[in-house]
Amino acid sequence: MHITPRMRGALVGTVLGLLTLGATTTTASALTLPPANGQFDYQIGGAYTPLSSVAIVDRDRNDAPAAGKYDVCYVNAFQTQPDEITWWKTNHPDLLLKNSSGAYVKDTTWGEILLDTSTAAKRTAIAAIVDGWIDGCGAAGYQAIEPDNLDSWTRSQRLLTQAENQAMATLLASHAHADDLAIAQKNAVELAPVGRMIGFDFAIAEECQVYDECDGYTATYGDEVYEIEYDDNGGQANFDAACSARGATLSIIYRDRDVLPLGDPSYVYQWC
Ligand SMILES: *[C@@H]1O[C@H](CO)[C@@H](O)[C@H](O)[C@H]1NC(C)=O
């Protein structure tokens, strides 16, 4: 799936040098941003009818957008979805990251193989695939894209770099904008200082209260930050603290880790 506990401080990429990558900025006059501080619902673990009070719904690209909402389309752009590994191995084995022992490099938490963003040629080949998904999101009626696992370099056995993922993200942002779609920075607060240069329009930040990263996102995106805190990390007290700190200006939700659909016994959802 998606949400990966970050390896805190394990790899702090060099900011110097990044500035030379991704220098192409894109302008996108026709795209629309999600409403600031609008009620957000994260449905990537399964789609369901949102509350009428919800303004923004985020769903997997294989699900239809929610009628009458601002719709964000989840695409796993830097790792495979677990159920697409066979497809990748069959069609694009060269784009899956392997280490020098020949083992696939995995995000073991979610059972996903990292995509190999290490060369310009591979990034172009990955973009050719993900861009097709982005086109599909646009055709289905979505307004924005959430490309997940931007922070995959932190799980790469040091085989990928922050700069390489920045360059990959720049390709995807350019394509989203060409489709008049907004695109979110998902996690990787280390890239927020260059988020506008990459082309990101807003941020979806997981657990920024827990990791004290929220200011890093708001410094770039202002009130265009959509925050998710989880019930298995910090619990209700952490969510309440986030709401006290930023709930008046930012859209903050509380969810179960697997982002289960409404009706599941483990479903958790609060908003402030
Ligand atoms: C390659 O990855 C496998 C699986 O994580 C690991 O057991 C092995 O030690 C790695 N090899 C190298 C050279 O890092």
Side-chain angles (χ1 to χ4, degrees), residues 1-18 20-22 44-45 60-62 74-130 133 146-172 185-192 194 198 204-208 210-211 213 228 230 232-234 255-260:
M1 217 157 77
H2 38 269
I3 311 138
T4 309
R6 276 73 50 83
M7 295 163 64
R8 309 312 312 160
L11 287 164
V12 179
T14 50
V15 172
L16 294 173
L18 292 181
T20 56
L21 280 169
I44 63 173
D60 186 85
R61 68 181 177 86
N62 291 312
Y74 173 97
V75 300
N76 202 342
F78 294 83
Q79 297 179 183
T80 65
Q81 290 292 73
D83 60 359
E84 292 173 349
I85 286 176
T86 301
W87 181 85
W88 280 99
K89 285 181 176 175
T90 302
N91 295 287
H92 302 283
D94 53 317
L95 301 180
L96 298 174
L97 185 64
K98 284 184 178 174
N99 68 16
S100 60
S101 312
Y104 290 115
V105 179
K106 288 188 172 176
D107 176 346
T108 52
T109 304
W110 298 101
E112 301 176 352
I113 299 174
L114 275 62
L115 300 184
D116 186 350
T117 57
S118 64
T119 69
K122 289 187 187 223
R123 290 190 292 271
T124 299
I126 293 167
I129 296 159
V130 177
W133 299 342
E146 177 198 6
D148 200 14
N149 292 301
L150 175 62
D151 59 355
S152 67
W153 83 87
T154 65
R155 295 178 286 281
S156 72
Q157 303 182 4
R158 297 182 179 261
L159 295 171
L160 303 177
T161 68
Q162 179 176 329
E164 288 158 1
N165 278 12
Q166 178 177 343
M168 181 78 245
T170 303
L171 295 180
L172 301 177
Q185 173 173 346
K186 170 72 173 294
N187 296 338
V189 73
E190 301 92 327
L191 284 172
V194 292
I198 291 169
I204 296 175
E206 292 179 308
E207 304 179 285
C208 71
V210 174
Y211 297 114
E213 296 173 339
I228 304 146
Y230 291 104
D232 65 350
N233 194 3
R255 288 292 268 125
D256 54 286
R257 175 67 63 179
D258 290 334
V259 203
L260 293 163

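Being a predicted model, the structure only gives us computed values, none of them experimental. Just so it is clear, the values below take in all heavy atoms, side chains as well, and ignore hydrogens, waters and symmetry mates. First listed ligand is number 1; within each ligand, the first listed atom is number 1.
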Given side chains that start at C-beta, do those of Pro147 and Val130 come closer than 4.5 Å, heavy atoms only?
-> no
Note: ligand 1 atoms sitting under 4.0 Å from heavy atoms of Ser100 are 13 (C)
(message) For atom 9 (O) of ligand 1, is there a protein heavy atom at a distance under 4.0 Å?
(response) no
- Message: Can you confirm whether Asn187 sits close enough to Leu150 that some side-chain heavy atom of one is under 4.5 Å from a side-chain heavy atom of the other?
- Response: no
Looking at Lys98, Lys106, Gln157, the heavy atom closest to atom 5 (O) of ligand 1 belongs to Gln157
**Prompt:** Does any donor atom in the side chain of Ser152 or Asp107 lie under 3.5 Å from an acceptor atom in the other side chain?
**Reply:** no
Trp153 side chain reached by Thr161 side chain, heavy atoms, under 4.5 Å
no
d(Asn149 CG, Leu114 CG) to nearest 0.5 Å is 7.5 Å
Per-atom filter on ligand 1: closer than 4.0 angstrom to a heavy atom of Asn99 are 1 (C), 2 (O), 3 (C), 8 (C), 10 (C), 11 (N), 12 (C), 14 (O)
Among Ala103, Ser101, Gly102, closest by heavy atom to atom 4 (C) of ligand 1 is Ala103
